[in-house]
Trainee: 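Sharing a structure below in structure tokens format, with a few things to ask.
For reference, positions follow the sequence shown, starting with 1. Basis for what follows: all heavy atoms, side chains included, without hydrogens, waters or symmetry-related copies. Since this is a predicted model, take the numbers as computed values, not measurements.
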Amino acid sequence: MGAITYDMEIPSSISAEKMFKAFVLDGDTIIPKALPHAITCVQTLEGDGGVGTIKLTTFGEGSVHKSVKHRIDGLDKENFTYSYSIIEGGALDVFESIAYHIKIVATPDGGCVCKNRSIYTPKCDAQVSEEEIKAGKERASGIFKKVEAYLLANPDC
């Protein structure tokens, strides 16, 4: 089985600049606040937050996985793009690699669209069902929408 790629677009009423800041630049503090039961902590293990930085995300009780490490592969603050790869934990028991590419695009109404490309490369003997892919999309969309809700409830962030 080859790489599984899926693209999704999630609209928001929040400006692209504010969403990028909250979701990417301040995500280590905002995301655990927006999803306190799902993500308990995001820690920088190596680096200064730029390309090459290694982070550890710890998930809450009841999560399928305890934690995941990811590496920042790309970060462009002017064009609101962010790429990262899972390097340890999570679903790497089934996947050879997992990479995410995010671009937040301003819309004419002052909001934005989060364009997310996820690339999963299964290990040679792994089988991935449509239900698992759908669940992954729903989790990604849910995180973005929770951050949006947090920003709407906390406009001074």
Trainee: Not counting sequence neighbours, list each pair that qualifies as a salt bridge (charged side-chain N to carboxylate O under 4.0 Å, His left out) and has a residue in residues 41-65.
Mentor: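 For residues 41-65: D28-K55.
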Trainee: Quick check: closest heavy atoms across T44 and G47, and the distance to 0.1 Å?
Mentor: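 Heavy atoms of T44 and G47 come nearest at CG2-O, 3.6 Å.
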Trainee: Taking all atoms of both residues into account, what is the closest heavy-atom pair of P32 and T40, and its distance?
Mentor: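 Looking at all heavy atoms of both residues, the closest pair is CB-O, 4.1 Å.
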Trainee: Counting N and O atoms only, with roles assigned by atom type, does the side chain of T53 sit under 3.5 Å from a partner on the main chain of G50, one being a donor and the other an acceptor?
Mentor: yes
Trainee: If you round to the nearest 0.5 Å, how far is CG of L35 from CZ of R139?
Mentor: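 Reported value, rounded in 0.5 Å steps: 12.5 Å.
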Trainee: Are I119 and L75 in one and the same hydrophobic cluster, where Ile, Leu, Val, Met, Phe, Trp and Tyr link if side-chain heavy atoms are under 4.5 Å apart?
Mentor: no
Trainee: Who pairs with R117 by salt bridge (Lys or Arg N to Asp or Glu O under 4.0 Å), at least two apart in sequence or on another chain?
Mentor: D7
Trainee: How far does CZ of F80 sit from NZ of K115, to the nearest 0.5 angstrom?
Mentor: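 One finds 14.0 Å between CZ of F80 and NZ of K115.
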Trainee: Are V42 and L56 packed together at the side-chain level, in the sense that at least one heavy-atom pair is separated by less than 4.5 angstrom?
Mentor: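 Result no, sub-4.5 Å side-chain heavy-atom pair not found.
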Trainee: Quick test of your reading: applying salt bridge (charged side-chain N to carboxylate O under 4.0 Å, His left out), list the pairs with at least one residue in residues 18-27, sequence neighbours left out, ordered by first then second residue.
Mentor: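 Residue pairs with at least one partner in residues 18-27: K21-D26.
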Trainee: Would you give the length of the straight line joining atom NE2 of H37 to atom OG of S63, rounded to the nearest 0.5 angstrom?
Mentor: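 Going from the NE2 atom of H37 to the OG atom of S63 covers 13.5 Å.
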Trainee: Nearest heavy-atom pair of I72 and G49: which atoms, and what distance?
Mentor: CD1-O, 3.4 Å
Trainee: Mind listing the side-chain donor-acceptor pairs of residues 84-98 below 3.5 Å, one per line with the distance, residues two or more places apart or on another chain?
Mentor:
| unit_1 | atom_1 | unit_2 | atom_2 | d |
| --- | --- | --- | --- | --- |
| S85 | OG | D73 | OD2 | 2.4 |
| S97 | OG | T121 | OG1 | 3.3 |

Trainee: Please answer: with hydrophobic residues joined when any side-chain heavy atoms are less than 4.5 Å apart, are I4 and M8 in the same cluster?
Mentor: yes
Trainee: Any pair with a residue in residues 143-157 that passes salt bridge (charged side-chain N to carboxylate O under 4.0 Å, His left out), sequence neighbours left out, goes on the list, sorted by first then second residue, please.
Mentor: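 Passing the test, one end in residues 143-157: K145-E148.
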Trainee: Measuring from C114:SG to M19:CE, what's the distance to the nearest 0.5 Å?
Mentor: 8.0 Å
Trainee: Could you pull out the closest heavy-atom pair between I30 and A22, with the gap in Å?
Mentor: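 In this case the closest contact between I30 and A22 is CB-O, 3.7 Å.
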Trainee: With hydrophobic residues grouped by side-chain heavy-atom distances under 4.5 Å, do Y6 and I143 end up in a single group?
Mentor: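 In one cluster with Y6: I143, yes.
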Trainee: Quick check on the hydrophobic clustering: are I54 and V24 connected, directly or via other members, by side-chain heavy-atom contacts under 4.5 Å?
Mentor: no
Trainee: Kindly work out whether a path of hydrophobic side-chain contacts (I/L/V/M/F/W/Y, heavy atoms less than 4.5 Å apart) joins L25 to I39.
Mentor: yes
Trainee: As an exercise, state the distance from OH of Y120 to OH of Y100, rounded to the nearest 0.5 Å.
Mentor: 3.0 Å
Trainee: Considering non-hydrogen atoms only, spot the tightest contact between A3 and P122 and give its length.
Mentor: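 Minimum heavy-atom contact is CA-CD, 4.3 Å.
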Trainee: Looking at SG of C112 and CD1 of I104, how far apart are the two atoms once the value is rounded to the nearest 0.5 Å?
Mentor: 5.5 Å
Trainee: Taking the side chain as C-beta and beyond, is there a heavy-atom pair between H101 and Y82 under 4.5 Å?
Mentor: no
Trainee: Mind listing the closest non-hydrogen atom pair of Y150 and K33 along with its distance?
Mentor: OH-CD, 3.3 Å
Trainee: Quick test of your reading: applying salt bridge (charged side-chain N to carboxylate O under 4.0 Å, His left out), list the pairs with at least one residue in residues 100-114, sequence neighbours left out, ordered by first then second residue.
Mentor: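 Checked against salt bridge (charged side-chain N to carboxylate O under 4.0 Å, His left out) - neighbours excluded - no pair reaches residues 100-114.
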Trainee: Apply the test side chain to side chain contact (heavy atoms under 4.5 Å, CB included) to residues I14 and L152: give CA-CA distance (whole Å), side-chain angles for both, the deciding distance (0.1 Å), then the verdict.
Mentor: CA-CA 8 Å; I14 305 292; L152 291 171; 3.6 Å; yes
